[in-house]
Colleague: 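Got a structure for you, questions after.
Because the structure is a prediction, the values reported are computed rather than measured. Every chain is numbered from 1 and lettered A, B, ... according to where its sequence line falls, protein lines coming before strand lines.
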There are 4 protein chains.
Amino acid sequence: MAPSIARQIIDVHPTGFGVIDRKKLDAAIGLSQQASQAASICADACLNEGMIKDMRECVRACLDCADVVDAAVRALSRHAGWRESAAPAILGAAVAVLGVCAHETARHASMHMHARLTSEICRKAERACTELLESLNE
Amino acid sequence: MAPSIARQIIDVHPTGFGVIDRKKLDAAIGLSQQASQAASICADACLNEGMIKDMRECVRACLDCADVVDAAVRALSRHAGWRESAAPAILGAAVAVLGVCAHETARHASMHMHARLTSEICRKAERACTELLESLNE
Amino acid sequence: MAPSIARQIIDVHPTGFGVIDRKKLDAAIGLSQQASQAASICADACLNEGMIKDMRECVRACLDCADVVDAAVRALSRHAGWRESAAPAILGAAVAVLGVCAHETARHASMHMHARLTSEICRKAERACTELLESLNE
Amino acid sequence: MAPSIARQIIDVHPTGFGVIDRKKLDAAIGLSQQASQAASICADACLNEGMIKDMRECVRACLDCADVVDAAVRALSRHAGWRESAAPAILGAAVAVLGVCAHETARHASMHMHARLTSEICRKAERACTELLESLNE
């Protein structure tokens, strides 16, 4: 597979992106973007399902996920984050919203394919962000 | 002073916004939005100052601040956040970026008025978010 | 009334923000932020109203409004925008989503106070953005 | 190649996403996300290049691009957009910022590989968004 555009640009970044594990960074960025995209569409799909009363918390979890993960991906794209104390807190927030979104969508996975697909990708992104977060603390 | 539009709508929200302290929520939202706005303009202003080498980290801190705080304000606007485990992590990330931004801009406060104004509002927003975060844990 | 933090920082921006009408810029930024905030909370409130089938388009219009207006406010905070061809298109998109959101929320204004408040502030922000857009073309 | 997660979820969306051309929608979303990601990293890389005076407009164009394109991708993920008058204006704003960003980064393409990669992906995304926009008007 060709390297992602993010990875290609990180590899030519004038700072070298410091000591960060680029493979873990690239995985976290790539999977988080997919999870955010899935959550945005899933929130919209949920609005059209019959039992909105059951879907409310799922919509909210999806919207929180998209908002916080998009902000985290941007911060991850900035070298500065890695020298500052904010990076672990930002990744921690991403892990939290991905976990809640994976949990809420999993509750509807047997009924709605969009919820199942979103749950799966959020779980993968949660793991990738957790691994990156752990590598920062090593 | 007239109540903010956010406070007016929160007061008529069908859920009542649960047990959250609405005064603290409103203060956190209002000051965070001002801090985000200040950080966005300050990042741009820094690009035009002479010593960019000295301003780089400040630009990055301002951009991180605007991205993460905007996402937090949206999540704060959703009732769901308060029942889920993601709310403390989201507020924690906001407190972290506001603190880093206040610190970085303070280093340039004697030279640049835009940095001084941004540092002051970020510090206020940091305090308001911290107070809201503490009230969640009570 | 004290000048907004945005206006205070714009007034000390090293570029002087070019030939832009600062009063109109400040009004557009301030009202747009309030409209975005209102739309975010209104989208959430709509999820708890009984007739979700009637509220779906309103939720979507509110979310589109918050997303596009927040992006426009950031772009408005950057001096560069005013020299580039993207500024009118960005403001045009903001005017469009504010108009659609004002229209959709107005349909529920007699039933739901949150929709009425959101409709009113979106209409004000739409006007402020339109006036700023027109001043760019003069 | 496996279909993107966005395409998979769009294909199971309860509304069927109306009459929109799903292949063009998927291309526009996928390329726009890559362009936004590239622009975010490129803006950061530019801060570390020696001649910041020459890079300022490029940083601003990259930041405008990331902000507006991210908002457009979210709106594209909502079925509602396609029934409302805001969709063409939102896509028009995305095309505008992608074009300006492609142009500004192209000016530095011979010197900086990150600018060259960003210019190329922005141009591709600009074309995909233009094609989607034209298909809406057919």
Side-chain angles (χ1 to χ4, degrees), chain A residues 1-17 25-26 29-50 55 62-63 66-67 70-71 73-81 105 112-118 120-122 124-125, chain D residues 1-17 25-26 29-50 55 62-63 66-67 70-71 73-81 105 112-118 120-122 124-125:
Chain A
M1 207 173 81
S4 73
I5 185 81
R7 180 61 195 271
Q8 290 176 55
I9 300 183
I10 287 169
D11 283 345
V12 297
H13 193 289
T15 66
F17 254 69
L25 176 63
D26 189 36
I29 288 177
L31 290 166
S32 292
Q33 275 203 319
Q34 288 184 55
S36 161
Q37 185 59 42
S40 285
I41 308 179
C42 189
D44 190 73
C46 288
L47 290 176
N48 271 83
E49 300 299 350
M55 307 302 284
C62 284
L63 293 175
D67 281 333
D70 277 3
V73 166
R74 287 179 184 225
L76 290 177
S77 307
R78 281 178 211 119
H79 173 253
T105 47
H112 304 301
M113 180 59 83
H114 54 82
R116 187 171 136 194
L117 291 164
T118 302
E120 288 169 359
I121 191 70
C122 283
K124 282 183 200 168
Chain D
M1 206 175 82
S4 73
I5 185 82
R7 180 61 195 272
Q8 290 177 55
I9 300 182
I10 287 169
D11 283 345
V12 298
H13 194 289
T15 65
F17 253 67
L25 176 64
D26 189 36
I29 288 177
L31 290 166
S32 292
Q33 275 204 318
Q34 288 183 55
S36 162
Q37 184 60 41
S40 285
I41 308 180
C42 190
D44 190 74
C46 288
L47 290 177
N48 271 83
E49 300 299 349
M55 306 302 285
C62 284
L63 294 174
D67 281 333
D70 277 3
V73 166
R74 288 179 183 224
L76 290 176
S77 306
R78 280 178 212 121
H79 173 252
T105 47
H112 304 302
M113 181 59 84
H114 53 84
R116 186 171 137 194
L117 291 164
T118 302
E120 288 169 359
I121 190 71
C122 283
K124 283 184 200 168

Colleague: Looking at chain D, which one of A:Val12, A:Ile41, A:Thr118 has the largest number of heavy-atom pairs inside 4.5 Å, strictly under?
Modeller: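 Highest number of pairs under 4.5 Å: A:Ile41.
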Colleague: Does a side chain donor of either D:His13 or A:Asp44 reach within less than 3.5 Å of an acceptor in the other side chain?
Modeller: yes
Colleague: Picking from A:Ala66, A:Cys42, A:Cys46, which has the most non-hydrogen pairs under 4.5 angstrom with chain D?
Modeller: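 Of the options given, most contacts go to A:Ala66.
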Colleague: Is it the side chain or the backbone of A:Ala115 that comes within 4.5 Å of chain D heavy atoms, both, or neither?
Modeller: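 For A:Ala115, there is no contact with chain D at all, as no heavy atom is under 4.5 Å.
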Colleague: If I measure from the heavy atoms of chain D, does A:Leu117 come under 4.5 Å with its side chain, its backbone, both, or neither?
Modeller: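 For A:Leu117, the contact with chain D is made by backbone and side chain together.
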Colleague: So for atom CZ, which belongs to A:Arg7, do other residues, nucleotides or ligands contribute more than 12 heavy atoms lying within a distance under 6.0 Å?
Modeller: yes
Colleague: Is it true that D:Asp70 and D:Arg74 have a side-chain N and a carboxylate O under 4.0 angstrom from each other?
Modeller: no
Colleague: List the steps, then state whether side-chain contact (heavy atoms from CB on, under 4.5 Å) holds for A:Cys62 with A:Thr105.
Modeller: CA-CA 8 Å; A:Cys62 284; A:Thr105 47; 3.9 Å; yes
Colleague: Examine whether an atom of D:Leu47 lies under 4.5 Å from a heavy atom of chain A, and if so say whether it belongs to the side chain, the backbone or both; otherwise answer neither.
Modeller: neither
Colleague: Taking the side chain as everything from C-beta on, heavy atoms only, tell me whether A:Ser4 gets closer than 4.5 Å to A:Asp26.
Modeller: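 They are in contact (side-chain heavy atoms under 4.5 Å apart), so the answer is yes.
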Colleague: Decide, yes or no, whether a salt bridge links D:Lys124 with D:Glu120 under the criterion of side-chain N to carboxylate O below 4.0 Å.
Modeller: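 No, this pair does not count.
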Colleague: Which one of D:His114, D:Glu49, D:Gln33, D:His112 has the most heavy-atom pairs closer than 4.5 Å to chain A?
Modeller: D:Gln33
Colleague: Under 4.5 Å, counting heavy-atom pairs only, tell me which of A:Pro14, A:Ala38, A:Ser40, A:Ala6 racks up the most with chain D.
Modeller: A:Pro14
